[in-house]
Structures are given as structure tokens and as C-alpha cells.
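Contents: one structure, followed by commentary.
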Amino acid sequence: MTDISLPRFPPPSAGRELLPAREYAARMRQNVLAAFSERAFEEEVLSRRLFGRVQLTLNRPAAIRHVLIDRPENYTRTSATRRLLYPIVGRGLFLAEAEDWREQRRTVAPSFAPRTVPLVARHVAAVADELATDLAAEEGEVDLVEHMHRLAIEVAGRAMFSLPMAKFAPRMRALLHDYGERLAQPSAIEILLPAWLPTPNDIARWRFRLHWLALIGEIIDVRQAKGAAGDARDLLDLMASDPETGRKVPRRHLADQVATMIAAGHATTAVALFWSFYLLAAAPAVQQRIAAEAAPLDLGPDGAAEALPHLIYTRAVVQETLRLYPPAYGIFRVARQADEADGVPVPKGAIVMIAPWLLHRHKRLWADPDVFDPARFLPGMPPPDRFAYLPFGIGPRVCIGAQFALTEATLVLARLVRQLEVSRADNRPVVPVAAITVRPDHPPPFRLRPR
């Protein structure tokens with residue numbers, strides 16, 4: 001086991017009592033992660049009233065199973081979730097419902113099947129090689145937040161749309177960064193209002209969506225004019241027509257689907273890679289073990305797919321990073337009808353929160369939950385409860401790109417750590433902030449040295 005203990009940062013609120021509703025809402029507005037009390041990491045169920053509505057926090061695996069697996073039709077996305085995500089993903093796969101969701105899922109699923117891993121690995125390896133060359137040439141302090149986002153955007157574009165993204169990445173990064181900084185946190189009133197009732201912030205979100213859709217439209221135009229690489233059918237080809245009727249998908253629907261895949265396909269992987277390097281900077285022995293594992297392997301485009309099954313420890317580091325810093329900090333649902341989840345009464349209209357941020361550091365579910373220990377995920381170790389480790393969700397709505405993300409993060413980590421030693425360039429604390437994904441409050445500087 002490593003001896004790196006990580007305090008729950010931001011720290012839980014002082015005292016064991018739940019915060020008053022107004023203070024709780026204020027903290028959620030600033031950073032959801034700062035609104036949790038110590039009890040949230042110890043108890044199975046927390047219940048409170050928030051501006052007249054019941055809010056349930058579920059840390060009990062059996063209750064989580066009930067909500068996400070046994071009766072998912074009774075639990076719909078909250079109005080705040082729709083309000084925050086619609087400007088980015090529209091009616092794409094993430095927010096689609098009922099038959100629309102099933103059709104979109106059926107269309108996209110083949111592109112994320114296990115047989116696509118070699119193609120994904122080839123693209124990831126090529127981009128990782130380019131980044132390794134760029135980083136080796138850098139001197140002084142390095143911003144790995146920016147580098148990881150640009151890498152993930154480039155991988156998403158090449159692997160899913162056969163399209164280099166250098167022309168689009170700066171605008172895409174700027175738009176999404178600005179949205180995360182200004183508009184990705186709901187106000188107290190936005191938590192309560194129905195999604196169709198606009199608020200002042202929604203005006204700014206609509207402006208963002210106009211610019212965002214213009215950029216996505218430009219990407220689609222360039223890709224369709226160019227065509228896929230050779231005779232291969234990529235994700236855009238599959239999304240552009242109905243898989244059963246062959247009819248073309250309307251342009252506005254195609255744009256939402258492309259936006260979903262690019263935004264979701266890069267943001268979670270980028271922050272997962274950043275937090276991996278953040279942890280590794282404090283763990284030279286873990287870095288050395290990754291480097292030793294990767295040393296004999298061909299991690300170039302031709303060998304990456306074959307090397308992937310041999311990166312056992314590197315993958316465990318990625319999985320442990322996803323435990324400590326899950327990109328999606330919370331799953332929020334509203335109960336359509338009154339229910340009971342493993343003995344927990346759920347009133348009609350209750351907001352149900354299932355938070356990987358809590359589950360992954362919960363004292364009843366993990367030994368030494370605040371310790372960075374990749375060995376938890378090595379072969380032969382007892383696996384965590386299926387409903388205690390949810391970096392990609394679970395059930396019908398599980399992230400369709402989970403294998404894509406794990407492949408990308410594992411190969412990039414192995415390729416860069418084999419070549420470079422990573423350390424922090426300052427000691428300023430890095431605070432995780434929940435703004436759609438769990439991102440750092442500032443881009444800390446790193447130093448990189450050739451091995």
C-alpha cells in the first residue's frame with residue numbers, strides 16, 4: 001500500500017449536523033463538494049428538506065441498485081441537470097428519454113463495442129506520441145490541465161469523427177472552460193424551478209449554445225466534406241442515419257449527438273488524466289512502477305492495442321484515480337411516484353442524490369478510503385461492491401464510452417510516465433470543484449524531467 005493519505009478536500013463542513021438550508025444551498029452554488037458534512041461519508045442515508053422538497057442522499061448500495069437498476073423508470077433527471085446540460089448536449093444521448101434514447105443508444109453502441117478498441121488504441125497512441133514530443137521540448141513549468149484537455153479533444157475528434165481537431169480545439173476549449181466557470185453551477189432557485197421556466201443565467205446559457213452549435217456545425221461540415229478515412233465507417237457515419245430505416249437524421253439532432261460525444265468524450269478523460277498526474281506527482285514509487293511496466297511494451301500506434309492488456313498496474317492507477325476524483329461527482333434523480341428503496345421511503349417529487357464523490361470515500365464501503373492505493377484494483381484483490389464504485393454510472397444509463405475512456409487514460413499515462421518524471425512546481429493546495437465534472441480550482445504548475 002502507498003502511504004499517501006489524501007484529506008477530503010474541500011474538507012467536510014464543521015460539526016456533524018446538517019447545514020441550514022440556505023447555507024447548504026449557498027455552498028452548493030459555489031462548490032457542491034464543500035456542502036457535504038462528515039456524516040455524509042459515514043451514514044447510509046441522509047434526508048433533509050431543501051426549500052420545501054425532500055432531498056435524499058443514498059450511500060446504501062442496495063438502495064442505489066433499486067433506483068438505478070430495479071426501477072429506473074420512476075426516477076427522472078432533475079430540472080437543474082437539464083438546465084445545466086441542455087446548452088451543451090441538447091437532446092443528444094445524455095438527456096434523451098424513452099424511445100428517442102433507445103434509438104440513439106442503438107445507433108451509437110456499435111462504435112463503442114469491444115471490437116473497436118484496437119482502432120481507439122491506435123488513435124490514442126498517435127496523439128500521445130505527439131504530446132510526448134511536445135512535452136519533452138517544454139522548459140520550466142507545465143500546465144497539464146490544458147495539455148490533457150487538448151489531447152482528449154484531439155483523440156475524440158480523430159477516433160470518433162476521423163478529423164484532426166487542431167483547427168477547432170482552441171475555440172472548443174475556450175467555450176467549455178467559460179461555461180464551466182460561469183454557468184455550470186445552479187442557483188438555489190434553479191434547483192427548484194422547472195427546466196422550461198427561464199432564469200437570468202439561462203439567457204447567458206442560450207448565448208453559449210448559439211456559439212457552441214455554430215462550432216459543432218462547422219465540424220460536421222468539414223467532416224462531411226472530407227468523408228471518413230478510407231472506406232471505414234466512423235461514429236458520424238453511424239449517427240447520420242437511422243439504423244433501421246436508413247433515413248437521414250435531421251441536422252439539428254445530428255448536431256446534438258455530435259456535441260454530446262465530443263463534450264462527454266473528452267471532458268471526463270481530460271480531468272481523469274489531470275488528477276492521475278496530480279496524484280502521481282506525490283507518489284514517485286508509483287510512477288516508477290508504471291514506467292517499469294510500460295518499458296518493454298510497444299506503445300506506438302501499431303502496438304498499443306496489443307500492449308493494453310499488459311498495462312495491469314497502470315490501469316489500476318487510473319481506476320484508483322477515478323475512485324478518489326470521479327469526474328461525474330453526482331447522479332441526481334426526481335421520484336415520479338412515491339417509492340421505497342431498500343427500506344428507505346422516497347416521497348413523490350423527492351430529489352435523490354447518488355454521489356460517487358461520497359460513495360468512493362465512504363467509511364463503511366472502503367478500507368482506508370482517503371489513501372491513494374492502486375493495489376485495490378489489482379487482480380486477486382476483493383472487488384468493491386458493484387454499487388459502491390460508480391465512476392461511469394451503472395444500469396441502463398451507464399456511460400457508453402467507459403471502455404473508450406479507460407483505454408485512453410491507461411495508454412496516455414503509460415506513454416508519458418515511461419518517458420517523463422512528474423512533480424509539482426509549487427505547494428499551493430488544489431481544490432476540486434464540481435462544475436459538470438470534478439475539475440481543479442486552478443491549473444497547478446508541474447515540472448517534467450526525462451527519465
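Keep in mind that the numbers below use all heavy atoms, side chains included, and drop hydrogens, waters and symmetry copies. Keep in mind it's a predicted model, so treat the numbers as computed, not measured.
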Can you check whether [Y]'s main-chain N or O pairs, donor with acceptor, with [X]'s side chain at less than 3.5 Å?
X	Y	result
Arg82	Ala195	no
Arg158	Ala126	no
Arg451	Val417	yes
Arg223	Phe161	yes
Arg418	Ile290	no
Thr116	Ala113	yes
Glu320	Asp373	yes
Arg376	Ala367	yes
His360	Leu390	yes
Glu293	Ile312	yes

Is the [atom1] atom of [X] crowded by more than 12 outside heavy atoms at less than 6.0 Å?
X	atom1	value
Glu73	CD	yes
Arg171	CZ	yes
Glu306	CD	no
Arg424	CZ	yes

Distance under 6.0 Å and angle within 45° of the ring axis: does Arg289 meet both against Tyr313?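 Yes, a cation-pi geometry.
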With a cut-off of under 6.0 Å to the ring centre and 45° to the axis, is Arg361 in cation-pi contact with Tyr325?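 Because its charged atom sits under 6.0 Å from the ring centre and within 45° of the axis, Arg361 does stack over Tyr325.
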Side chain to side chain contact (heavy atoms under 4.5 Å, CB included), that's the test. Do Phe446 and Leu280 meet it? Break it down for me. CA-CA 11 Å; Phe446 289 83; Leu280 290 176; over 6 Å; no
What distance separates [X] [atom1] from [Y] [atom2], expressed to the nearest 0.5 Å?
X	Y	atom1	atom2	answer
Leu215	Phe168	CG	CZ	7.0 Å
His147	Asp134	NE2	CG	7.0 Å
Lys226	Leu163	NZ	CG	5.5 Å
Arg60	Arg65	CZ	CZ	15.5 Å
Arg333	Ile351	CZ	CD1	13.0 Å
Arg77	Arg397	CZ	CZ	5.0 Å

Name of the residue among Leu322, Leu359, Leu365 meeting side-chain contact (heavy atoms from CB on, under 4.5 Å) with Tyr389: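 Between Tyr389 and the candidates, side-chain contact (heavy atoms from CB on, under 4.5 Å) is satisfied uniquely by Leu322.
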Give me the one residue out of Tyr86, Trp206, Phe208 that meets ring-ring contact (aromatic ring centres under 6.0 Å, His included) with Tyr179.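 For Tyr179, the ring-ring contact (aromatic ring centres under 6.0 Å, His included) check succeeds only for Phe208.
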Taking the side chain as every heavy atom from C-beta outward, state whether [X] and [Y] have any pair of such atoms under 4.5 Å apart.
X	Y	answer
Val145	Arg439	no
Met165	Met172	yes
Glu146	Pro443	no

Among side-chain atoms of Gln319 and Arg323, is any donor-acceptor pair under 3.5 angstrom?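 No, no side-chain donor-acceptor pair sits under 3.5 Å.
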Taking atom types as modelled, is there a side-chain donor on Gln257 or Gln104 under 3.5 Å from an acceptor on the other?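 Present: a donor and an acceptor within the cut-off.
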Side chain to side chain contact (heavy atoms under 4.5 Å, CB included) assessment of Phe94 paired with Ile88: CA-CA 10 Å; Phe94 194 82; Ile88 298 175; over 6 Å; no
For Asp256 and Arg252: C-alpha separation, side-chain torsions, deciding distance, then whether side chain to side chain contact (heavy atoms under 4.5 Å, CB included) applies. CA-CA 6 Å; Asp256 283 343; Arg252 64 184 183 280; 5.7 Å; no
So which atom in Thr269 and which in Ala409 form the shortest heavy-atom distance, rounded to 0.1 Å?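 Reported closest heavy-atom pair: CG2-N, 4.4 Å.
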Step by step, would you call Arg83 with Thr199 a side chain to side chain contact (heavy atoms under 4.5 Å, CB included)? CA-CA 10 Å; Arg83 190 184 299 276; Thr199 68; 3.6 Å; yes
Quick one: sort the Trp366 and Phe377 rings into parallel, tilted or perpendicular, breaks at 30° and 60°.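 Judged by the thresholds at 30° and 60°, the geometry between Trp366 and Phe377 is tilted.
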Might you work through the salt bridge (Lys or Arg N to Asp or Glu O under 4.0 Å) test for Arg251 and Asp221, ending with a clear yes or no? CA-CA 11 Å; Arg251 173 67 177 234; Asp221 289 341; 3.0 Å; yes
